Colleague: 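One structure coming up, written as structure tokens, with questions to follow.
Keep in mind it's a predicted model, so treat the numbers as computed, not measured. In what follows, chains carry the letters A, B, and so on, assigned in the order in which the sequence lines appear, proteins first and then strands, with residues in each chain numbered from 1.
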Amino acid sequence: MIKAEHIYKNFGDIHVLKDVSMEVNKGEVVVIIGPSGSGKSTFLRCINLLEEPTKGQVQIDDQNLTELSPKQVVKVREKVGMVFQHFYLFPHKTVLENLIYAPMKVKGLSRDEAVARAKELLKKVGLFDKINQYPNKLSGGQQQRVAIARSLAMEPDYMLFDEPTSALDPEMVKEVLDVIQSLAESGMTMIIVTHEMGFAKMVADKVIFMDDGQILESNTPENFFNHPSTERAKDFLQKIL
Amino acid sequence: MNELITGFKQMAPSIPYIINGVWVSLGIALGASILGFIGGILLSLCKIGQVKILSGLAHVYTSIFRGTPLILQLAIAYFGIPQLFQMGDVNPLTCAIITFGLNSAAYMSEIIRSGINAVDKGQFEASKALGVSYWPTMKDIILPQAIKNILPAMMNEFITLTKDSAIVSTISVTDMMRRSQIVAANIFSYFPPMLVSLVMYYIIVMALTYLGNRLERRMRRSD
Ligand SMILES: Nc1ncnc2c1ncn2[C@@H]1O[C@H](COP(=O)(O)OP(=O)(O)OP(=O)(O)O)[C@@H](O)[C@H]1O
Ligand SMILES: [Mg+2]
């Protein structure tokens with residue numbers, strides 16, 4: 001379970017998050033949508049404390065992250081995978097090395113164990129044949145699938161996705177969404193920030209609409225997309241659909 | 001004119017002696033580079049780190065070594081400090097390597113720092129998000145990328161060191177420069193031995209430049 005309570009985040013004088021609360025239960029898929037600059041990324045980054053909330057609490061399972069020491073926070077991050085808009089694969093490492101680095105370094109897996117796990121995951125995302133390539137030899141879609149596999153190699157309980165397909169050419173969006181969808185079907189608990197409304201409808205158990213640093217709506221996809229209750233959400237949907 | 005020809009003739013047997021001095025020069029540059037590289041990494045980590053005292057000290061260190069003449073630093077290290085602490089005679093070569101190393105660390109730290117800053121912040125975040133802590137991230141993810149970016153600048157630093165190493169002749173290290181002076185004093189003719197040194201320095205610097213360019217091209221190909 002992930003629980004965010006009354007999160008505030010300021011960058012100097014800019015108030016990016018203003019009292020954001022949310023709960024994600026085991027196995028749930030929550031999709032966050034909202035206009036650019038509404039604070040979606042910042043909120044996601046507060047959840048694994050890449051960004052420290054100015055105020056408020058983040059709870060993951062039975063741990064209150066905001067009360068933990070920096071060392072303990074690092075430990076909790078093992079449980080929470082994150083996928084970025086721009087992939088951020090390690091360019092000086094091959095696909096395989098990208099996948100085995102953290103499991104060996106952090107979890108203390110032997111090389112053999114880590115490699116076996118990496119191979120399995122690469123098959124899962126359909127990139128086994130790229131195992132010895134360097135990231136810059138892959139297409140954007142392929143890089144993002146490797147990035148997802150790299151996250152999964154840590155066997156996280158939760159996955160955060162920050163606009164995983166926004167940097168991709170249109171023809172590559174589907175291959176990445178398919179991987180995420182199959183993850184959803186396998187029961188992974190996820191928070192996904194995306195502008196892909198069709199995808200949101202399909203995978204979300206809950207849709208959250210953010211605007212100007214606040215959550216304006218939190219509803220089932222059916223209710224949200226068919227009967228948005230705020231003017232802001234109506235506007236947003238009209239523009240994007 | 002005749003004098004010059006005689007000079008060259010007199011110098012001829014000493015040419016190998018002068019040329020072999022190049023190993024002393026290159027040895028100093030290499031030793032100093034290794035020290036400078038290690039010192040530079042430590043200093044740059046201090047500078048970008050969160051600990052205010054360390055970053056302050058690292059900046060002061062850099063400022064002093066970059067803000068004073070190397071030849072003076074060398075004189076202080078060889079003549080000044082041993083006298084002050086009554087250390088007796090110190091080995092001039094060791095002294096030169098250490099001084100050049102400390103000096104180079106100051107320049108290198110700025111190069112490495114800019115290299116680290118040029119690595120995409122996302123690399124740090126991706127590693128962090130995987131549960132990797134600061135130091136392993138620095139060592140395995142950030143520094144390898146940073147160093148790859150700054151290889152050309154580090155090659156330049158090595159070339160500078162090779163050329164600047166000529167000033168060790170002032171503390172009686174028999175490098176190429178010093179050997180030319182010795183030969184010149186013996187034959188009472190300055191131009192011929194100095195010309196030999198000049199040509200050698202130039203050949204070495206050109207060779208290093210060529211190597212650096214090849215390395216850079218090789219690196220770019222793997223991008
Ligand atoms: N490190 C930072 N320093 C200062 N301002 C920041 C920082 N990070 C984000 N912001 C500001 O916070 C606001 C929200 O940013 P955020 O990236 O969370 O929005 P977003 O909803 O993810 O937008 P997008 O859809 O464009 O990704 C923006 O106005 C942004 O400029
Ligand atoms: Mg964003």
Colleague: Quick check: are there more than 12 heavy atoms from other residues, nucleotides or ligands sitting under 6.0 Å from NZ of A/K107?
Modeller: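 Yes.
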
Colleague: Please determine whether the number of non-hydrogen atoms from other residues, nucleotides or ligands lying under 6.0 Å from atom NZ of A/K26 exceeds 12.
Modeller: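 Count over threshold, so yes.
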
Colleague: Check whether more than 12 heavy atoms from other residues, nucleotides or ligands sit under 6.0 Å from atom CD1 of B/I53, and answer yes or no.
Modeller: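 Atom CD1 in B/I53 is not packed in, count stays at 12 or less.
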
Colleague: Of all the residues in residues 63-102 of chain A, which have a heavy atom that comes within less than 4.5 Å of a heavy atom in chain B?
Modeller: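 Only A/V74, A/R77, A/E78, A/V80, A/M82, A/F84, A/Y88, A/L89, A/F90, A/P91, A/H92, A/K93, A/Y101, A/A102 of residues 63-102 of chain A have a heavy atom under 4.5 Å from chain B.
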
Colleague: Which pair of non-hydrogen atoms, one from B/L130 and one from A/M154, has the smallest distance, and what is that distance?
Modeller: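 Heavy-atom minimum between the residues: O-CE, 3.3 Å.
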
Colleague: Would you say CD of A/E113 has more than 12 non-hydrogen atoms from neighbouring residues, nucleotides or ligands within 6.0 angstrom?
Modeller: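 Yes, enclosed.
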
Colleague: Got a sec: does the OH of B/Y202 have more than 12 other heavy atoms crowding it under 6.0 Å?
Modeller: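 Atom OH in B/Y202 is not packed in, count stays at 12 or less.
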
Colleague: Could you report the tightest heavy-atom contact between A/V106 and B/G131, atom names first, then the distance?
Modeller: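 Closest heavy-atom pair between A/V106 and B/G131: CG2-O, 3.5 Å.
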
Colleague: What part of A/R45 lies closer than 4.5 angstrom to a heavy atom of chain B: side chain, backbone, both or neither?
Modeller: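 Contact with chain B involves the side chain of A/R45 alone.
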
Colleague: With a 6.0 Å cut-off (strictly less than), is the heavy-atom count around CD of A/E120, excluding the residue itself, greater than 12?
Modeller: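 Atom CD in A/E120 is not packed in, count stays at 12 or less.
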
Colleague: Verify the neighbour count for atom OH of B/Y210: are there more than 12 heavy atoms of other residues, nucleotides or ligands below 6.0 Å?
Modeller: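 No.
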
